[in-house]
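In this chain, residues are counted from 1 in sequence order.
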Amino acid sequence: MAHLSLDYQFKSPIEKVWNALTHSETLAQWVMENNFRPIVGYKCEFRNKEIDLVVNSEVLVVDKPHKLSYTWVGGPIDTIVTWTLKEEGGTTHLHLEHTGFEEENQAYFGAKYGWTMMVERLTEIL
């Protein structure tokens, strides 16, 4: 099994970063169009019409404002995304674990590239 582990820092309050991870309208600005809600057991979709991609998700963990986890199932992958947040000295540390990849293959590297690009957009929003 392979998993992505990425770390980011933002000069934004933890609540602002949490809101960017959990509000559907904000998520649409940096991830994809979606009907996400931060409710454990809630099933939703992330949609990218340009590349005809639908990612099905189910919310697994909501521990505001410290941890959010949901399934990420689309195309060839059936994985789990987990965001962990902590604030220290005016900086919010955001850790991403994307687990469940069978190996470091095209799906794995595509996800790594995708999250890197999406978090760059998140940085602009914050």
Side-chain angles (χ1 to χ4, degrees):
M1 284 291 209
H3 72 276
L4 282 175
S5 181
L6 302 170
D7 291 293
Y8 306 97
Q9 290 81 40
F10 302 101
K11 292 289 185 188
S12 297
I14 193 170
E15 288 290 337
K16 187 171 185 180
V17 178
W18 176 263
N19 289 340
L21 294 174
T22 59
H23 288 166
S24 179
E25 301 81 21
T26 310
L27 273 170
Q29 293 175 36
W30 68 278
V31 180
M32 293 181 229
E33 292 295 322
N34 65 86
N35 61 333
F36 184 85
R37 292 180 141 194
I39 301 168
V40 173
Y42 185 78
K43 294 181 177 158
C44 61
E45 291 182 346
F46 290 85
R47 298 172 300 281
N48 184 328
K49 293 176 185 168
E50 291 176 19
I51 60 172
D52 196 29
L53 174 66
V54 175
V55 175
N56 293 296
S57 292
E58 179 177 348
V59 179
L60 304 173
V61 176
V62 177
D63 179 14
K64 181 182 181 178
H66 302 287
K67 188 172 184 178
L68 177 68
S69 184
Y70 45 86
T71 60
W72 189 264
V73 182
I77 64 171
D78 183 349
T79 58
I80 296 175
V81 171
T82 302
W83 300 97
T84 307
L85 301 86
K86 70 178 179 180
E87 188 172 17
E88 292 180 337
T91 299
T92 298
H93 300 271
L94 180 63
H95 178 72
L96 167 63
E97 288 281 333
H98 194 161
T99 60
F101 295 96
E102 291 185 20
E103 59 185 342
E104 291 187 11
N105 56 16
Q106 183 178 357
Y108 171 90
F109 288 109
K112 186 174 184 179
Y113 173 79
W115 285 121
T116 300
M117 296 300 293
M118 288 184 274
V119 172
E120 283 180 19
R121 290 196 298 264
L122 172 60
T123 301
E124 294 169 8
I125 291 167
L126 293 172

How long is the straight-line distance from [atom2] of [Y] back to [atom1] of [X], given to the nearest 0.5 Å?
{"X": "T99", "Y": "M1", "atom1": "OG1", "atom2": "CE", "answer": "8.0 Å"}
{"X": "N48", "Y": "N34", "atom1": "CG", "atom2": "CG", "answer": "12.0 Å"}
{"X": "E87", "Y": "K16", "atom1": "CD", "atom2": "NZ", "answer": "12.5 Å"}
{"X": "F46", "Y": "L27", "atom1": "CZ", "atom2": "CG", "answer": "5.0 Å"}
{"X": "F10", "Y": "L126", "atom1": "CZ", "atom2": "CG", "answer": "5.5 Å"}

Which residues satisfy the side-chain contact (heavy atoms from CB on, under 4.5 Å) test with [X], sequence neighbours excluded?
{"X": "H93", "result": "Q9, K86, E88, T91"}
{"X": "I39", "result": "R37, Y42"}
{"X": "H23", "result": "N19, E25, T26"}

Is there a side-chain contact between [X] and [Y] (heavy atoms, below 4.5 Å)?
{"X": "E33", "Y": "K49", "result": "no"}
{"X": "V17", "Y": "Y8", "result": "no"}
{"X": "T92", "Y": "W18", "result": "no"}
{"X": "L94", "Y": "L122", "result": "yes"}

Filter on side chain to side chain donor-acceptor pair (under 3.5 Å), then keep only pairs touching [range], sequence neighbours left out; what's left?
{"range": "residues 101-126", "result": "H98-W115"}
{"range": "residues 69-78", "result": "S69-T82, Y70-W83"}
{"range": "residues 53-66", "result": "none"}

Quiz prompt | Linked hydrophobic residues, V61 as query - side chain contacts closer than 4.5 Å | solution = L60, I80
Practice problem: Apply the test side chain to side chain contact (heavy atoms under 4.5 Å, CB included) to residues L85 and L21: give CA-CA distance (whole Å), side-chain angles for both, the deciding distance (0.1 Å), then the verdict. | Solution: CA-CA 10 Å; L85 301 86; L21 294 174; 3.8 Å; yes
Practice problem: Go through the structure and list residues passing side chain to side chain donor-acceptor pair (under 3.5 Å) with D7, not counting sequence neighbours. | Solution: H95
Exercise. Not counting sequence neighbours, which residues clear salt bridge (Lys or Arg N to Asp or Glu O under 4.0 Å) with E45? List them please.
Key: R47
